There are 2 protein chains.
Amino acid sequence: MAGRSSSLAAAEGKAPAPRRTRNKPEERHKEFVRKAVELFAEIGFEAGTRELAQRLGVTQPLLYRYFPSKDDLIAAVYQEIYVNRWKPQWREGLLDESRPIRERIVAFYEDYAGTIFTPEWIRIYLFAGLRGVDINRRYAATVEEQILRPITLATRTSFGLGGGEPPTPEEVELFWTLQGGIFYYGVREIVYRFPMPVDRATMIRNAVDTFLTGVGPVLKRLAERSDAPA
Amino acid sequence: MAGRSSSLAAAEGKAPAPRRTRNKPEERHKEFVRKAVELFAEIGFEAGTRELAQRLGVTQPLLYRYFPSKDDLIAAVYQEIYVNRWKPQWREGLLDESRPIRERIVAFYEDYAGTIFTPEWIRIYLFAGLRGVDINRRYAATVEEQILRPITLATRTSFGLGGGEPPTPEEVELFWTLQGGIFYYGVREIVYRFPMPVDRATMIRNAVDTFLTGVGPVLKRLAERSDAPA
DNA sequence: TTATTTAATTATCGTTCGATAAATAACCTC
DNA sequence: GAGGTTATTTATCGAACGATAATTAAATAA
């Protein structure tokens, strides 16, 4: 109870007992990124470094010992979510010709939705897109290359249409609408918090059924048109 | 060149000649909202009121004569975009049974895309959704009520399936995936600036063709299942 | 135990933000 | 043309932001 009059800013009676536990830098780094993912998903990238520090039970300048700037922290968040959570077996499963095409596509979208339908993934993805960084362009390019082109070829094959040539842009775009339709289910559920009376698995099954039933004739028409030039 | 020493903050040599033209409040109000739409679409809602004032050639406190707070300005922006740009004839066109269902749906999505595929509409919509206001929930409810349920009923009818009962959630969800797939085309084009080698009209035609071709059997299965309870 | 290292803190700077109060000047009316 | 109304400006406040420098104390080594 003595002195302690040095600073009026001490906010009398609300000193939350600084921790001063000394952790290994590597663990701290991970801890910071993990909580940053959580915070940015909630508030967006304009979330303050002070808020993040408070949630970590740490002072704000300490963050700058681990990340030179806030943008570096954000870059680490991107890496964590969009690089580390990508599964190479998605592509492999889609190419596994021992299973029927419908089964492969449904299984993929169920696993994919299970991975990305979280507030961290979807909200930060949209925040990043609106911010104008190239994360989304690059991610979409990966989706097209690793998922949609394989799906397109596998579907073509399963309909007995020529499997040699690479997919045309028009074909790929067709599969983008399926991808977008399913992704937007997640946006409505997680971002808009729209009431979703139909569960994910049912939605995926119905969407894939509708798509696979209808895509045959359209693919055939596209193939015929490219076969017979003017 | 005399005096002028009153304030050091005059930023010597960069006084951009204040305008001091006296406009009618009503026009100013519209002018402010219009430019705010532009600015928020570019930067997001964290765009500063000073930046907005500068683009209007006006001082920042003047904004507060027309809008009590920044949130009121944002509310006016929502009204302008999501209420004023809604077209009641969308619903009417979809219900016009004198035209084939495919034609109605394609025509709707072409007009709808022409209306909402702009940076103002899509970017501000996503900003709003991430911000957590209820704009998106309400808008999505309107889409479901005014667009998707009519489409569902019209499609059912055109397939000769019972048209009496209201659409089931599962049926409506099916049409949401078409809506979402087309909407996400706009997100990729306008927000992610992904290269889009297939033009809108082609994408819409192919997506609707695929969907309408495939949706018949799925709708039939859903109808049968609800007819024959356990 | 003492010395060294460095994780973590305190203190603070310069900017920018939303918002308010007071002063000024353009337009309208008589 | 004088006087009043109010659109617009100048000046400024307090809070929050990202970032830096200097200080303190926990862990490790001698």
Side-chain angles (χ1 to χ4, degrees), chain A residues 3-12 14-33 35-36 39-40 43-77 131, chain B residues 3-12 14-33 35-36 39-40 43-77 131:
Chain A
R4 190 55 95 90
S5 64
S6 57
S7 167
L8 286 174
E12 193 82 24
K14 213 178 183 180
R19 60 196 280 188
R20 278 281 187 190
T21 60
R22 212 181 156 96
N23 292 23
K24 287 181 183 164
E26 199 173 321
E27 293 171 10
R28 267 276 139 92
H29 195 278
K30 282 185 182 176
E31 192 190 357
F32 285 9
V33 172
K35 264 279 189 290
L39 179 66
F40 290 150
I43 303 189
F45 295 121
E46 67 269 34
T49 54
R50 282 170 180 81
E51 167 93 17
L52 174 58
Q54 193 187 20
R55 294 192 183 198
L56 284 160
V58 155
T59 58
Q60 179 246 2
L62 184 58
L63 299 173
Y64 287 85
R65 191 171 182 86
Y66 293 86
F67 304 94
S69 74
K70 190 179 174 182
D71 274 335
D72 290 279
L73 173 59
I74 291 173
V77 164
R131 232 180 155 230
Chain B
R4 188 57 96 89
S5 64
S6 58
S7 167
L8 286 173
E12 195 83 26
K14 213 178 184 181
R19 62 196 279 190
R20 276 282 188 191
T21 58
R22 211 182 158 96
N23 291 22
K24 287 182 184 167
E26 198 172 321
E27 292 170 11
R28 268 276 200 265
H29 195 276
K30 283 186 181 176
E31 192 191 357
F32 286 9
V33 172
K35 265 278 189 289
L39 178 66
F40 290 149
I43 302 188
F45 296 122
E46 66 269 34
T49 53
R50 284 170 180 81
E51 167 93 17
L52 175 57
Q54 193 188 18
R55 292 191 185 199
L56 285 160
V58 154
T59 57
Q60 180 247 1
L62 184 59
L63 298 173
Y64 286 85
R65 192 171 182 86
Y66 293 86
F67 304 94
S69 75
K70 189 179 174 181
D71 274 335
D72 289 279
L73 173 59
I74 290 173
V77 164
R131 232 179 156 231

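What you are looking at is a predicted structure, and each value in this text was computed from that prediction instead of being measured. Lettering follows sequence order; numbering is per chain, from 1.
Taking each heavy atom of B:L52 and B:L73 in turn, the nearest pair found is CD2-CD2, 3.6 Å. Pairing each heavy atom of B:G48 with each of B:L39, the nearest pair is O-CD2, 4.0 Å.
Put simply, CG on B:N23 is 16 Å from P on D:dT6, counting in whole angstrom units. Residue B:E31 contributes atom CD, which lies 9 Å from atom P of D:dT8 at whole-angstrom precision. Between A:K70 atom NZ and C:dT15 atom P the separation is 19 Å, expressed in whole Å. When rounded to the nearest whole Å, the span between CG of A:L56 and C1' of C:dA8 equals 13 Å. The nearest whole Å value for the distance from the NE2 atom in A:H29 to the P atom in C:dA7 is 13 Å. Rounding to whole angstrom units, CG of residue B:L73 and P of C:dG18 are separated by 10 Å. Between the CG atom of A:L62 and the P atom of D:dT23 there is a distance of 19 Å, given to the nearest Å. Remark: C1' of D:dA19 and CG of A:L63 are 11 Å apart, rounded to the nearest angstrom.
Heavy atoms of B:Y66 sit under 4.0 angstrom from primed sugar atoms or phosphate atoms, though from no base atom.
Checked against side chain to side chain contact (heavy atoms under 4.5 Å, CB included), A:K30 has no partners two or more places apart in sequence or in another chain. Legend: residues meeting side-chain hydrogen bond (donor to acceptor under 3.5 Å, both in side chains) with A:E51, ordered by chain and number and at least two apart, are A:R55. The salt bridge (Lys or Arg N to Asp or Glu O under 4.0 Å) check on A:D72 picks up nothing, with sequence neighbours excluded.
Under the Watson-Crick or G-U wobble criterion, with both distances below 3.5 Å, D:dA19 is paired with C:dT12.
Close to C:dA8, at under 4.0 Å from its OP1 or OP2, lies a side-chain N or O of A:R28. Between A:Y64 and the phosphate of C:dA8, there is no side-chain N or O to OP1/OP2 separation shorter than 4.0 Å.
Contacts between residues 45-53 of chain A and DNA chain D, defined by a heavy-atom separation under 4.0 Å, are made by A:A47, A:G48, A:T49, A:R50.
One distance of note links CZ of B:R28 with NZ of B:K24; it measures 13.0 Å at 0.5 Å rounding.
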Going by atom type alone, with no hydrogens or angles, which donor-acceptor pairs under 3.5 Å involve a side-chain atom of residues 58-68 of chain A and a protein atom two or more places apart or on another chain?
from	atom 1	to	atom 2	distance (Å)
A:Q60	NE2	A:T49	OG1	3.1

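Closest-nucleotide positions on DNA chain D for B:K24 and B:Q60 were compared, and the one nearer the 5' end corresponds to B:K24. Projected onto DNA chain C by closest heavy-atom contact, B:S69 and A:P61 fall at different nucleotides, the more 5' of which corresponds to A:P61.
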